[in-house]
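For reference, the structure is listed below as structure tokens.
Below, each value reflects all heavy atoms present in this structure, side chains not excepted, and no hydrogens, waters or symmetry copies.
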Amino acid sequence: VEQQGCITTSSTDAETLATFAGAKKSSFYHALAKFLELHWAGDPITLSYGQRKSDHFAHYYGFVPEANPHDAVHVSLAPLVEAVKSGGDEDKQKAARIVADFAESDQNVEQIVDAGGVAPLLQLLDLSKSSLCAQSHAAVALRKVASVEKSRARLDDKAFVAAHAKALATPPDAKVSPSAETRGELARGLGQLALKKSIVAALPAVIGILTLPDGEQGVALAKQYAVAAIFSSIMLHTSAKAKQATLEAGGLPGLVAVARSGSDAARRDARTCLTQLAETPAHREAIVAEAERAKLDLGFLRRVEILKS
């Protein structure tokens with residue numbers, strides 16, 4: 001008897017069922033007979049409809065599962081990229097949000113790059129051509145692009161760095177200015193790019209995040225991402241230039257402040273940055289002076305013998 005997807009039987013006569021399966025020449029009935037050997041009469045037998053998308057269920061079975069991990073929607077990126085590039089303000093905002101949501105897998109990120117989506121997203125970072133919401137979505141999308149190794153290698157790093165630096169250079173007290181959350185995403189994207197390419201030109205703007213007043217929403221995380229970007233730049237490919245740029249941009253007070261009272265991750269990265277800077281004798285006196293002013297214990301710098309008299 002078949003009732004709403006469940007099959008029940010009043011007999012577990014395997015021999016009868018096996019005979020029936022042979023008569024039907026069907027692997028289904030053979031499998032059913034073997035299965036029933038392991039079950040009591042009256043036990044429900046569940047049927048699997050397979051790993052299919054919801055439109056398949058709707059078309060062939062007349063229902064749609066409430067939660068379907070195998071569901072998928074095919075999205076054409078060309079109209080979205082065009083909307084980001086030349087749509088109205090609302091269209092740009094919506095398209096940028098969809099692109100940011102779409103960039104959840106390496107494969108999707110590659111499709112965004114293939115569709116020419118990076119340059120229009122970079123344009124949205126410019127608030128003279130965008131809105132705060134569109135800028136925020138674009139920053140998230142670009143950060144995801146920079147986090148994928150293959151797509152990161154294909155980026156125009158100079159354009160990426162310049163657009164991010166310009167957005168971060170907007171004063172926090174400007175009439176229209178990126179939120180702390182957006183600034184954090186911008187710094188995070190630069191930190192991802194720094195894993196392979198130079199972001200030295202953007203370091204002064206990144207360091208500006210460290211001057212944001214503590215306590216405001218998103219500031220602590222933005223500072224964590226900013227320090228991580230500085231850390232990546234100093235530790236990887238452009239160490240000497242990054243160190244010099246950090247000092248010339250007035251990065252010491254911010255790094256010392258985060259090293260003293262930032263989040264665990266930010267404090268660790270800030271102290272590593274200070275340790276790297278302190279390995280250059282010319283920088284040590286400035287670091288010690290700033291640490292004393294901020295009451296930061298420099299015990300973590302002992303390996304470079306800063307504290308030796």
Side-chain angles (χ1 to χ4, degrees), residues 136 139-140 143-144 146-147 161 164-165 167-173 177-195 199-236 238-239 241-280 283-304 306-307:
S136 176
V140 172
R143 183 261 300 169
K144 292 178 179 179
S147 69
V161 169
H164 282 67
L168 286 172
T170 307
D173 58 355
S177 180
S179 66
E181 289 91 342
T182 299
R183 290 178 186 272
E185 285 293 341
L186 292 167
R188 196 176 176 189
L190 287 167
Q192 291 293 333
L193 185 67
L195 296 175
I199 64 164
V200 169
L203 284 180
V206 172
I207 288 168
I209 295 176
L210 303 183
T211 66
L212 295 175
D214 292 324
E216 296 184 7
Q217 182 176 349
V219 168
L221 195 56
K223 290 186 176 183
Q224 177 178 320
Y225 292 141
V227 172
I230 298 168
F231 168 87
S232 294
S233 192
I234 287 178
M235 294 297 291
L236 297 172
T238 53
S239 179
K241 291 182 179 179
K243 289 178 180 179
Q244 192 62 33
T246 299
L247 292 170
E248 291 178 354
L252 279 184
L255 286 173
V256 168
V258 173
R260 181 175 181 273
S261 58
S263 66
D264 289 345
R267 190 163 61 248
R268 180 180 63 248
D269 285 348
R271 293 186 176 199
T272 302
C273 288
L274 291 171
T275 300
Q276 290 296 312
L277 291 169
E279 289 181 348
T280 302
H283 303 159
R284 296 178 187 175
E285 185 176 346
I287 293 173
V288 170
E290 182 60 36
E292 289 178 350
R293 186 192 66 78
K295 296 181 173 56
L296 171 66
D297 182 0
L298 289 177
F300 63 92
L301 292 178
R302 291 187 184 280
R303 72 181 184 84
V304 293
I306 286 183
L307 301 181

query = So, do Y225 and V206 sit near enough that their side-chain heavy atoms are less than 4.5 Å apart?
reply = no
note = For L193, the side chain to side chain contact (heavy atoms under 4.5 Å, CB included) test, sequence neighbours excluded, returns R152, L155, D157, F160, V161, K197, I199
remark   = The side chain to side chain contact (heavy atoms under 4.5 Å, CB included) partners of R267 (sequence neighbours excluded) come to D264, R271
ask   = Does some side-chain heavy atom of E279 sit less than 4.5 Å from a side-chain heavy atom of Q276?
value = yes
query = Between OG of S232 and CG of D269, what distance do you get to the nearest 0.5 Å?
reply = 7.5 Å
ask   = Regarding T182 and S179, is there a side-chain donor-to-acceptor distance under 3.5 Å anywhere?
value = yes
inquiry  = Is it the case that the side chains of Q224 and S263 hold a donor-acceptor pair, with the cut-off being a distance below 3.5 Å and no angle test?
reply    = yes
inquiry  = Can you give me the closest heavy-atom contact between V227 and A270, atom names plus distance?
reply    = CG1-N, 3.4 Å
remark   = So CG of L203 and CG of L190: to nearest 0.5 Å the spacing works out to 8.5 Å
ask   = Heavy atoms, side chains only, cut-off 4.5 Å: are I234 and T272 in contact?
value = no
note = Here the pair of heavy atoms bringing A194 nearest to S233 is CB-N, 4.2 Å
task = Using a 4.5 Å cut-off on heavy atoms from C-beta on, say whether the side chain of L296 contacts that of L298.
result = yes
task = Locate the shortest heavy-atom distance separating A146 from G189; write the atom from each residue and the value.
result = CB-O, 3.8 Å
inquiry  = Checking L210 against I230 for the side-chain contact (heavy atoms from CB on, under 4.5 Å) test, could you report, in this order, the C-alpha distance in whole Å, the side-chain angles of both residues, the deciding distance, and whether it holds?
reply    = CA-CA 11 Å; L210 303 183; I230 298 168; 4.1 Å; yes
Considering all heavy atoms, the nearest A165-A205 contact = O-CB, 3.6 Å
inquiry  = With salt bridge (Lys or Arg N to Asp or Glu O under 4.0 Å) as the rule and sequence neighbours excluded, what pairs involving residues 177-186 come up?
reply    = R143-E185, E185-R188
query = Can you check whether P178 reaches L168 side chain to side chain, under 4.5 Å on heavy atoms?
reply = no
request  = Looking only at non-hydrogen atoms, find the nearest pair between V256 and A294 and report the distance.
outcome  = CG1-CB, 3.6 Å
query = What salt bridge (Lys or Arg N to Asp or Glu O under 4.0 Å) pairs are there with at least one residue in residues 244-261, not counting sequence neighbours?
reply = none
query = Which residues pass the side chain to side chain contact (heavy atoms under 4.5 Å, CB included) test with T280, sequence neighbours left out?
reply = K243, A282, H283
ask   = Is it true that a side-chain atom of T211 and a backbone atom of I207 form a donor plus acceptor pair closer than 3.5 Å?
value = no
request  = Determine whether L277 and L252 make a side-chain contact, defined as any pair of heavy atoms from C-beta on separated by less than 4.5 Å.
outcome  = yes
message = Can you pull out every salt bridge (Lys or Arg N to Asp or Glu O under 4.0 Å) where at least one residue sits in residues 223-235? Sequence neighbours excluded, please.
response = D214-K223
inquiry  = Quick check: closest heavy atoms across G299 and D297, and the distance to 0.1 Å?
reply    = N-OD1, 3.0 Å
Min side-chain heavy-atom separation C273-T246 under 4.5 Å = no
message = Taking L236's backbone N and O only, do any of them form a donor-acceptor pair with S239's side chain (distance below 3.5 Å, no angle check)?
response = no
message = For the backbone of P171 and the side chain of S177, can you confirm whether one donor and one acceptor N or O come within less than 3.5 Å of each other?
response = yes
